[in-house]
Amino acid sequence: MAPLAIRACTATSAVGRGRDALAKALAEGRTGLRRNDFGDDARLDCWIGRVDGLETVELPASLQPWDSRNNRLAWLALAQDGLGAAIDDAVARHGAERVAVIVGTSTSSIGSTEAAYTALEDGEFAERFARPHVHTPHSLGEFVQQATGLRGPCITVATACSSSAKVFAQAARMIDAGLVDAALVGGVDTLCGSVLFGFNSLQLVSSEPCRPFDATRNGLSLGEAGGFALLERANDGDTGLQLRGYGESSDAHHMSSPHPEGLGARLAMRDALARAGIDAAEVGYLNLHGTATPANDSIEAAAVASLFPDALHASSTKGWTGHTLGAAGIVESTIALIALERGELPGTLNSDTPDTACGPQIRFAPQRAEIRYSMNNSFGFGGNNCSLVFGRA
């Protein structure tokens, strides 16, 4: 594929607001996980990655119809790392109608819908909750378009935990087809009862901070996050970060479990490498999906070992942020870009005893190394997989 320039990139998570806060936490080995303090009712005994300050964020009056925890986090993320200036520059050069908005989420504003049903009045939503802009899976996409003033195609992707990785692939196809000249991509997901109790009903939530790829891992830690990137065609003589390849697959083996041989995961990684035009040996860092659930980690580790040489540095960073679901793709792509830009390759926080399925590629300790390419894996329910390759011009 033709490279796409990444003009701006940002992520806000439990470790802080913006890319520098994320890079600092990674370098210091400082987790954003805390014992669950979310919600007023009975709380699960678990650890979460919660973004501080969302309860007091006030949207501008014109955006109040979209007010929700999820859209407040989107608003915070949009304000970081010069993203607004990059969007304005793209609009000045291409026009607002030629810049797409493509965002991923798995729950959208469902937390507000939960609150609305809890406070029903005579079987109907109370006036303060009667906001149709919020109670829809497309709430995030519509909100971001309203908040930015962009007027190109607006798409909300909901493929579970691969959602905000797949937005990069959609943007690449739309730009290549000439439908738009640039795209604001990203994703936001926030904590809510459906997320916490839903994953707990699947027996996937740990009562301790998650330990990806550790032999004693026993489940994930849920988190919330938001992030965005601005993509456009790369120009001759460009310098900076680029999207070089993407790979997508859907193994459809099971509603919530990956294919036992990792067929879909391998296909997505192979496809991303092929589209980037590079060999597996050229990748310096791979951010793994690595949820700390028993089946997912062992299957991903085996898939990675089958494709990559021992020299690869691969790690899961969910020990910092928690599993941010539909936002995992953008957050962990930002981490892959930090590794590419700064040469700081994170380890795997909280883990110290590798599972027997882990090859030498899975690293628990951080490393400093200049690399040419980095990757990110995001795998969702139903075997919906996406892998991305990033490089430097």
Side-chain angles (χ1 to χ4, degrees), residues 1-12 17-23 59-60 62-63 66 71 73-104 140-157 164-165 167-188 225-244 246 327 329-331 333-338 340-342 374 388-393:
M1 63 171 274
L4 291 181
I6 301 173
R7 301 300 186 196
C9 183
T10 187
T12 291
R17 303 179 183 183
R19 198 164 62 185
D20 285 344
L22 180 55
L59 299 181
S62 62
L63 296 175
W66 287 271
N71 291 336
L73 181 49
W75 181 251
L76 273 186
L78 286 167
Q80 310 303 320
D81 294 313
L83 185 68
I87 293 170
D88 290 344
D89 180 64
V91 169
R93 288 182 290 108
H94 303 302
E97 294 77 14
R98 297 290 297 174
V99 183
V101 171
I102 311 173
V103 291
L140 174 64
E142 191 175 33
F143 171 78
V144 171
Q145 192 172 50
Q146 293 294 323
T148 59
L150 297 175
R151 293 293 176 263
C154 183
I155 300 169
T156 300
V157 177
S164 62
V167 297
F168 285 85
Q170 286 223 26
R173 288 191 289 268
M174 292 183 72
I175 293 172
D176 183 60
L179 298 173
V180 295
D181 296 309
L184 177 66
V185 303
V188 184
F228 297 94
L230 184 67
L231 309 180
E232 65 178 3
R233 293 183 186 89
N235 301 318
D236 292 340
D238 263 351
T239 59
L241 303 172
Q242 296 180 333
L243 174 68
R244 294 293 187 87
Y246 63 86
I330 185 64
V331 171
S333 290
T334 301
I335 292 171
L337 290 167
I338 289 172
L340 187 62
E341 188 175 41
R342 308 188 185 198
S374 64
L388 304 172
V389 175
F390 302 101
R392 286 184 293 180

Supply the atom-to-atom distance [X] [atom1] to [Y] [atom2], rounded to the nearest 0.5 angstrom.
X: Arg151; Y: Gln146; atom1: CZ; atom2: CD; answer: 5.5 Å
X: Leu337; Y: Arg342; atom1: CG; atom2: CZ; answer: 11.0 Å
X: Leu63; Y: Asn71; atom1: CG; atom2: CG; answer: 9.0 Å
X: Leu231; Y: Cys9; atom1: CG; atom2: SG; answer: 9.0 Å

Please find the pair of heavy atoms, one from [X] and one from [Y], that lie closest to each other, and give the distance.
X: Gly178; Y: Arg233; result: CA-NH2, 3.8 Å
X: Gly226; Y: Leu73; result: N-CD2, 3.9 Å
X: Ala77; Y: Gly227; result: CB-N, 4.2 Å
X: Cys154; Y: Glu142; result: SG-N, 4.1 Å
X: Val91; Y: Ala96; result: CG1-N, 3.8 Å
X: Leu388; Y: Ser333; result: CD1-OG, 3.4 Å

Checking [X] side chain against [Y] main chain: does a donor-acceptor pair fall under 3.5 Å?
X: Gln145; Y: Gly152; answer: yes
X: Thr12; Y: Arg17; answer: no
X: Arg98; Y: Leu179; answer: yes
X: Arg244; Y: Arg392; answer: yes
X: Asp81; Y: Arg19; answer: yes
X: Ser164; Y: Gly187; answer: no

Start with the C-alpha distance between Val101 and Ile155, add both sets of side-chain angles, then the distance that settles side chain to side chain contact (heavy atoms under 4.5 Å, CB included), and finish with yes or no.
CA-CA 6 Å; Val101 171; Ile155 300 169; over 6 Å; no
Passing option when Phe228 is tested against Thr148, Ile330, Val144 for side chain to side chain contact (heavy atoms under 4.5 Å, CB included):
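With Phe228 as partner, side chain to side chain contact (heavy atoms under 4.5 Å, CB included) holds for just one option, Val144.
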My understanding is that only one of Ile175, Leu241, Asp176 makes a side chain to side chain contact (heavy atoms under 4.5 Å, CB included) with Leu4; could you say which?
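With Leu4 as partner, Ile175, Leu241, Asp176 yield a single side chain to side chain contact (heavy atoms under 4.5 Å, CB included), made by Ile175.
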Going by heavy atoms in the side chains, are [X] and [Y] under 4.5 Å from each other?
X: Leu184; Y: Ile102; result: no
X: Val103; Y: Val188; result: no
X: Val99; Y: Val180; result: no
X: Gln170; Y: Val157; result: yes
X: Ile6; Y: Leu230; result: no

Are Asp238 and Arg7 close enough for a salt bridge, meaning some N to O gap below 4.0 Å?
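Answer for the salt bridge query: yes.
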Output all residues satisfying ring-ring contact (aromatic ring centres under 6.0 Å, His included) with Phe390, sequence neighbours left out; order by chain, then residue number.
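For Phe390, the residues satisfying ring-ring contact (aromatic ring centres under 6.0 Å, His included) (neighbours in sequence not counted) are Phe168.
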